[in-house]
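Attaching a single structure in structure tokens format; questions to follow.
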Amino acid sequence: MDYYFVTRLQDLMETERVFLNPRITLTSLALQVGTNRTYLSKYINEKLGQTFFDYVNSKRLAHATHLLETTNLTLEVVAERAGFNSLSTFRRCFMRQYKCSPTIYRRDYMRGGKMSSNHPIDDKK
């Protein structure tokens, strides 16, 4: 694997945080990395064990959990600032990853930072 390719991808995701762009595509990321979409897709699938969308959404969710833990922003603003196109997509991805709603995650974090995997779903807020 090309060292420049890997370090450029890491830099784009970790330092430049391109995942915050809700319109990011495999093609646009590949152009920024300096490769083609097929090669980037193969790398993400085979080396990182994820699809492009799962990879991007995992970065977005990590950013969203940070915002939930450190701010009082509304869920709509957290979703937007984390790069999600909609609140419903954010909630769906969050539930899939953390097995609870963002509201429950924030509530439990504020109560002591310990998360349980068995939460009732509370997406009213």
Side-chain angles (χ1 to χ4, degrees):
M1 190 59 50
D2 181 16
Y3 175 76
Y4 174 78
F5 167 88
V6 174
T7 56
R8 180 66 181 140
L9 177 61
Q10 289 172 338
D11 183 55
L12 284 166
M13 297 306 272
E14 304 303 327
T15 305
E16 296 182 37
R17 301 188 321 176
V18 296
F19 60 87
L20 297 177
N21 177 354
R23 290 188 220 80
I24 192 170
T25 63
L26 182 59
T27 301
S28 68
L29 183 58
L31 285 172
Q32 292 178 66
V33 169
T35 190
N36 64 58
R37 66 185 307 276
T38 303
Y39 190 64
L40 179 59
S41 180
K42 184 176 179 178
Y43 172 78
I44 293 170
N45 285 304
E46 293 179 5
K47 299 295 184 186
L48 303 180
Q50 297 177 299
T51 66
F52 169 73
F53 288 108
D54 288 341
Y55 177 63
V56 169
N57 284 336
S58 70
K59 300 292 185 185
R60 289 174 174 164
L61 288 170
H63 185 67
T65 58
H66 173 73
L67 293 174
L68 290 169
E69 293 168 3
T70 60
T71 72
N72 289 321
L73 297 171
T74 65
L75 293 184
E76 291 83 1
V77 173
V78 169
E80 181 182 314
R81 289 192 182 176
F84 287 94
N85 285 317
S86 70
L87 181 57
S88 61
T89 300
F90 169 58
R91 284 183 169 146
R92 186 173 49 255
C93 291
F94 199 96
M95 284 290 302
R96 188 178 310 127
Q97 176 71 31
Y98 297 105
K99 310 296 187 241
C100 69
S101 71
T103 302
I104 296 294
Y105 180 94
R106 176 182 269 165
R107 183 198 69 196
D108 284 2
Y109 182 83
M110 294 302 174
R111 288 184 179 168
K114 183 171 171 128
M115 290 298 302
S116 166
S117 62
N118 297 319
H119 290 288
I121 299 173
D122 177 14
D123 276 340
K124 302 287 188 251
K125 296 179 183 167

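Values reported hereafter were calculated over all heavy atoms of this structure, with side chains retained and with hydrogens, waters and symmetry mates removed.
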Fill in the blank from the handout: On a heavy-atom basis, the closest approach of Tyr4 and Thr7 is O-OG1, 3.1 Å

Problem - Side-chain donor or acceptor of Ser41 paired with backbone N/O of Thr38 under 3.5 Å - result: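 No, Ser41 side chain to Thr38 backbone: no donor-acceptor pair under 3.5 Å.
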
Exercise for the section: Kindly check if the number of other-residue, nucleotide or ligand heavy atoms within 6.0 Å of CZ (Arg81) is above 12? Expected result: no

Practice task
Please list, chain by chain and in numerical order, all residues satisfying ring pair (Phe, Tyr, Trp, His ring centres under 6.0 Å) with Phe94, sequence neighbours excluded.
Solution key: Phe90, Tyr98, Tyr105

Handout entry: Result of checking Leu29, Val56, Leu61, Asn57 against Phe19 for side chain to side chain contact (heavy atoms under 4.5 Å, CB included)
Key =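 When side chain to side chain contact (heavy atoms under 4.5 Å, CB included) is applied between Phe19 and each of Leu29, Val56, Leu61, Asn57, only Val56 qualifies.
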
Practice task
Using atom types as modelled and distance alone, determine if a side-chain donor or acceptor of Thr70 lies under 3.5 Å from a backbone N or O of His66.
Solution key: yes

Practice task
Before giving the answer on side chain to side chain contact (heavy atoms under 4.5 Å, CB included), spell out for Leu9 and Tyr43 the whole-Å C-alpha distance, their side-chain angles and the decisive distance to 0.1 Å.
Solution key: CA-CA 10 Å; Leu9 177 61; Tyr43 172 78; 3.6 Å; yes

Handout entry: Shortest non-hydrogen contact between Met110 and Glu69, atoms and distance
Key =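 Taking every non-hydrogen atom into account, CE-O, 3.6 Å.
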
Problem - Leu75 CG to Phe84 CZ distance, which is reported to the nearest 0.5 Å - result: 12.0 Å

Exercise for the section: Could you tell me which non-hydrogen atom of Ser101 sits nearest to which non-hydrogen atom of Met95, and how far apart they are? Expected result: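 Scanning both residues, the minimum pair turns out to be N-SD, 3.3 Å.
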
Exercise for the section: Quick one: closest heavy-atom pair of Ala64 and Ala82, and the distance? Expected result: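 Heavy-atom minimum between the residues: CB-CB, 3.9 Å.
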
Handout entry: Note, Ile44 side chain near Leu40 side chain (heavy atom, < 4.5 Å)
Key =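 Counting from C-beta outward, Ile44 and Leu40 do come under 4.5 Å.
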
Problem - 4.5 Å side-chain heavy-atom contact, Arg111 and Arg107 - result: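 A side-chain contact under 4.5 Å exists here.
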
Exercise for the section: Give the C-alpha distance, both sets of side-chain angles, the deciding distance and a yes or no for side chain to side chain contact (heavy atoms under 4.5 Å, CB included) between Asp54 and Thr51. Expected result: CA-CA 5 Å; Asp54 288 341; Thr51 66; 3.2 Å; yes

Handout entry: Shortest non-hydrogen contact from Leu67 toward Leu73
Key =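 Closest approach of Leu67 to Leu73, heavy atoms only: CD2-CD1, 4.4 Å.
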
Exercise for the section: Spell out, as yes or no, whether a donor-acceptor pair under 3.5 Å connects the side chain of Arg106 to the backbone of Leu68. Expected result: yes

Practice task
Report the residues that fulfil side-chain contact (heavy atoms from CB on, under 4.5 Å) with Leu20, sequence neighbours left out, ordered by chain and then residue number.
Solution key: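 Only Arg17, His63 meet the side-chain contact (heavy atoms from CB on, under 4.5 Å) criterion with Leu20.
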
Handout entry: Spacing of Cys93 atom SG and Arg60 atom CZ [to the nearest 0.5 Å]
Key =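 It is 8.5 Å, given to the nearest 0.5 Å.
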
Handout entry: Minimum side-chain heavy-atom gap Val18-Met13 below 4.5 Å
Key = yes

Problem - From CD (Glu14) to CD (Gln10), nearest 0.5 Å - result: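 Result: 7.5 Å between the selected atoms.
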
Exercise for the section: Verify, without hydrogens or angle tests, whether Arg91 (side chain) and Pro102 (backbone) share a donor-acceptor contact under 3.5 angstrom. Expected result: no

Exercise for the section: Determine whether more than 12 heavy atoms belonging to other residues, nucleotides or ligands lie under 6.0 Å from atom CD of Glu80. Expected result: no

Handout entry: Check: Ser86/Ser88 side-chain N/O donor and acceptor closer than 3.5 Å
Key =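 Checked: Ser86/Ser88 side chains pair up, N/O donor to acceptor below 3.5 Å.
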
Practice task
Report yes or no: do Tyr39 and Leu26 belong to one cluster of Ile/Leu/Val/Met/Phe/Trp/Tyr joined by side chain heavy-atom distances under 4.5 Å?
Solution key: yes

